[in-house]
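In this chain, residues are counted from 1 in sequence order.
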Amino acid sequence: MLDRALASRWHEKKLGILTELQAASGRKIIIDKAWEPPHFGSVSLADGHWEHVDDKPRTLGWQLHQFAFMPALIAYDRHNETMEGSELALTLVDQWWSKFRDTPMVRTNMAWHDHGTALRLSNFLLLRSHLGGPRNPLLDDICRQHASLLKQEDFYERGNNHGFDQSIILFEYSQEMADGEAEQLARERINFEISAAFAPDGGHVENSPGYHHFGIAQVKLANEIGLSYTGEEMATAGLVERAEMILAHMTRPDRKPPHIGDTSDFTVRRLPPPSSNDLVLPDSGWAFFRSGWDTQALQGVFKSGYRSIAHRHDDDLALSLFALGEEWIIDGGMFAHEPKDPMRVYMRSAHSHSLPYVVGLKAVRDMAAIGQHSRIVSSRSSKTTFEVTGETKMWQGFDARRTVVFDRLKRTVTIKDQIEPVSDEARERASSRVDKDYAVYATRFLIPGDKQVSRTPNGVQIKGQSATLHIESSVRCKIVSGQSAPTLAGWRSTKPNEVMPAFDVSFLVSAHSMEETFTLCWV
């Protein structure tokens with residue numbers, strides 16, 4: 001039996017927080033007496049305008065379809081002691097349901113996006129609680145039909161952050177609507193999602209600091225909902241503490257994560273410094289090293305691991321470096337969840353990552369084929385030195401390996417890159433390019449656009465605000481920044497839907513195999 005006294009606590013807490021936020025924000029949500037709905041950019045949700053939502057940017061449409069504005073309307077009511085916000089919310093729910101209830105309930109239809117559907121149900125349940133529970137038969141029926149869809153196995157996005165939220169919200173529904181079948185199913189799924197989200201070493205499997213941070217938030221949410229409804233947490237004791245220790249290693253000295261994979265700009269709350277300066281996660285494919293925990297410390301993040309297709313970038317062997325309060329070596333970032341947008345395609349490709357690569361060859365993005373071959377091979381750490389080696393087969397027919405050595409005393413980073421053709425086709429490709437004096441391999445360093453980058457007789461000089469970084473190499477290089485044609489090159493993104501120029505510094509090698517060493521030192 002459900003404990004209804006406990007069952008009320010979760011939404012009462014959420015509603016209380018909304019009241020406090022609205023009171024503290026100093027901003028008024030203006031609701032027109034003529035029922036003019038809220039605007040999001042150039043999108044109006046007035047009657048008859050829902051059909052234009054899917055013409056807008058994908059992320060905006062996704063937010064509108066999930067009713068992300070619902071908490072603001074409820075907050076308006078609770079702060080001002082009115083019912084205008086909830087009346088408007090019910091009108092918008094009715095309009096949305098009339099428009100989309102008969103459209104195909106498939107993930108490719110944004111109205112029924114697998115993640116957005118779950119988040120919309122959560123907002124509908126919150127509105128239901130705000131209105132006092134089962135007082136609106138239509139709203140209850142809509143909630144039940146959403147839950148029926150979430151229960152379906154072919155709609156459940158198993159094993160990633162979408163499926164995790166689907167499971168949590170199905171559990172929330174089960175408690176609010178007293179559905180025992182949904183509760184049992186949701187519990188089984190939540191237990192699976194918690195175990196699948198983090199590798200055995202504690203690293204999140206979805207390929208980025210941003211999703212490691214989000215994964216922690218999801219586990220905390222599951223625990224909080226479990227405590228609110230049942231008095232018990234859902235996650236294994238110690239999981240969050242381990243994940244937050246890893247997050248501390250991931251976080252730069254300025255308390256921001258590096259923009260690796262699908263990571264946008266945000267500030268991480270203060271976490272206690274771990275006891276060690278280094279951490280290697282061979283299961284999830286990360287290595288972190290630093291000179292200390294002060295704001296001027298050097299921090300390096302090395303990635304070589306592939307445990308999930310979700311948010312995968314072609315970034316095996318990528319290295320990011322932050323030192324003296326500045327970024328020096330970076331990754332491109334996320335840009336947007338627009339799979340066909342050329343800038344999104346570029347950001348996910350190897351072209352926006354600091355790594356060794358095979359010139360002119362597209363990386364393989366197939367976990368079954370290369371997942372086990374994308375890995376940390378070895379590492380060692382001492383008071384004076386940190387060293388890590390990773391390897392990948394994401395270049396079909398080639399084996400690639402990178403070793404990174406950090407000398408703490410000299411504050412230098414040495415990189416040894418190796419690529420070797422291992423198939424007949426790859427060997428023929430390399431020979432053909434060598435015969436034409438074309439570059440076969442290269443190592444790319446993506447440099448922030450706020451730096452001054454110039455060639456020197458023995459490499460490249462990168463001038464920052466606080467120091468100058470030298471990349472020493474005898475290999476010829478080319479430097480590109482903000483290029484749009486013939487191909488995209490030299491870009492980065494730190495915020496959704498925004499890009500800015502960066503420097504693509506590529507050292508080019510024309511040889512049958514590659515074995516090059518780069519020394520990075522600050523002066």
Side-chain angles (χ1 to χ4, degrees), residues 252 258 289-291 296-302 317-332 350-360 385-387 400-419 433-434 437-483 487-492 500-511 513-523:
R252 302 182 325 204
F289 58 92
R290 63 177 70 210
S291 61
Q296 297 299 298
L298 180 147
Q299 181 227 27
V301 179
F302 177 71
L317 309 183
L319 176 70
S320 295
L321 289 175
F322 187 97
L324 303 169
E326 298 183 61
E327 297 174 296
W328 297 94
I329 310 297
I330 60 173
D331 265 22
H351 297 297
S352 74
H353 302 288
S354 298
L355 44 69
Y357 62 99
V358 180
V359 175
T385 307
F386 174 81
E387 179 178 320
R401 175 178 285 236
R402 166 173 275 187
T403 297
V404 178
V405 180
F406 173 43
D407 187 319
R408 301 184 209 276
L409 299 181
K410 296 179 181 178
R411 287 178 74 94
T412 61
V413 176
T414 303
I415 300 170
K416 182 179 180 181
D417 286 341
Q418 300 167 280
I419 307 180
R433 293 185 70 88
V434 169
D437 197 29
Y438 292 169
V440 185
Y441 313 103
T443 288
R444 174 184 296 104
F445 295 98
L446 195 64
I447 312 297
D450 63 352
K451 303 294 187 286
Q452 296 178 28
V453 180
S454 58
R455 294 181 180 87
T456 66
N458 63 341
V460 169
Q461 173 181 280
I462 303 161
K463 187 175 182 181
Q465 301 298 315
S466 56
T468 299
L469 172 63
H470 291 275
I471 302 179
E472 297 177 3
S473 173
S474 59
V475 179
R476 65 188 176 98
C477 77
K478 73 173 183 178
I479 302 173
V480 177
S481 179
Q483 175 179 292
T487 58
L488 292 169
W491 296 97
R492 74 175 305 195
M500 63 187 77
F503 293 98
D504 177 330
V505 179
S506 288
F507 292 87
L508 308 173
V509 175
S510 180
S513 60
M514 175 183 183
E515 186 169 328
E516 297 295 334
T517 299
F518 305 88
T519 301
L520 284 62
C521 58
W522 284 263
V523 295

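- Contact record, R444 with S506: CB-OG, 3.8 Å, taken as the closest heavy-atom pair.
- Two residues are said to be in side-chain contact when any heavy atoms from C-beta on lie closer than 4.5 Å; F445 and I415 meet this criterion.
- Here the side chains of S510 and R433 are not in contact, with every heavy-atom distance at 4.5 Å or above.
- Between D504 and H351, the closest heavy-atom pair is OD2-O, 4.1 Å.
- Side-chain contact between P258 and D331 is absent, with no heavy-atom pair separated by less than 4.5 Å.
- Counting heavy atoms from C-beta on, the side chains of T412 and E472 never come closer than 4.5 Å.
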Give the intermediate values and the outcome of side chain to side chain contact (heavy atoms under 4.5 Å, CB included) for residues F289 and L298.
-> CA-CA 8 Å; F289 58 92; L298 180 147; 4.0 Å; yes
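- Residues V440 and M514 form no side-chain contact, since every pair of their non-hydrogen atoms from C-beta on lies 4.5 Å or further apart.
- To the nearest 0.5 Å, the span separating CD on E515 from OH on Y441 amounts to 12.0 Å.
- We find the CD1-OG distance between I329 and S320 to be 8.5 Å, quoted to the nearest 0.5 Å.
- Between atom CD of residue Q452 and atom OG1 of residue T468 there is a gap of 8.5 Å, rounded to the nearest 0.5 Å.
- Closest of all the heavy-atom pairs between A502 and I447 is CB-O, 3.2 Å.
- Rounded to the nearest 0.5 Å, atoms CD (Q418) and NZ (K416) are 4.5 Å apart.
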Please walk me through it: do D407 and T414 pass side chain to side chain contact (heavy atoms under 4.5 Å, CB included)?
-> CA-CA 8 Å; D407 187 319; T414 303; over 6 Å; no
Residues S466, E326; criterion side chain to side chain donor-acceptor pair (under 3.5 Å); working and verdict = CA-CA 8 Å; S466 56; E326 298 183 61; 2.7 Å; yes
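- At least one side-chain heavy atom of W522 sits under 4.5 Å from a side-chain heavy atom of L321.
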Step-by-step side chain to side chain contact (heavy atoms under 4.5 Å, CB included) determination, V505 to I471 | CA-CA 10 Å; V505 179; I471 302 179; 5.6 Å; no
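- With K451 contributing its side chain and E327 its backbone, the two residues share a donor-acceptor pair below 3.5 Å.
- By the salt bridge (charged side-chain N to carboxylate O under 4.0 Å, His left out) test, R290 is found to be paired with no residue, residues two or more places apart in sequence or in another chain being considered.
- Shown here for W328 and P448, the closest heavy-atom pair between the two residues is O-CD, 3.2 Å.
- Remark: L469 CG to Q461 CD distance equals 9.5 Å, nearest 0.5 Å.
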Tell me, with the steps shown, if K410 and C521 meet side chain to side chain contact (heavy atoms under 4.5 Å, CB included).
-> CA-CA 8 Å; K410 296 179 181 178; C521 58; over 6 Å; no
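- The distance from the CZ atom of F406 to the CZ atom of F302 is 15.5 Å, given to the nearest 0.5 Å.
- Considering all non-hydrogen atoms of both residues, A439 and V359 come closest at O-CB, 3.7 Å.
- Of all non-hydrogen atoms in W491 and Q483, the two that sit nearest each other are NE1-O, 2.8 Å.
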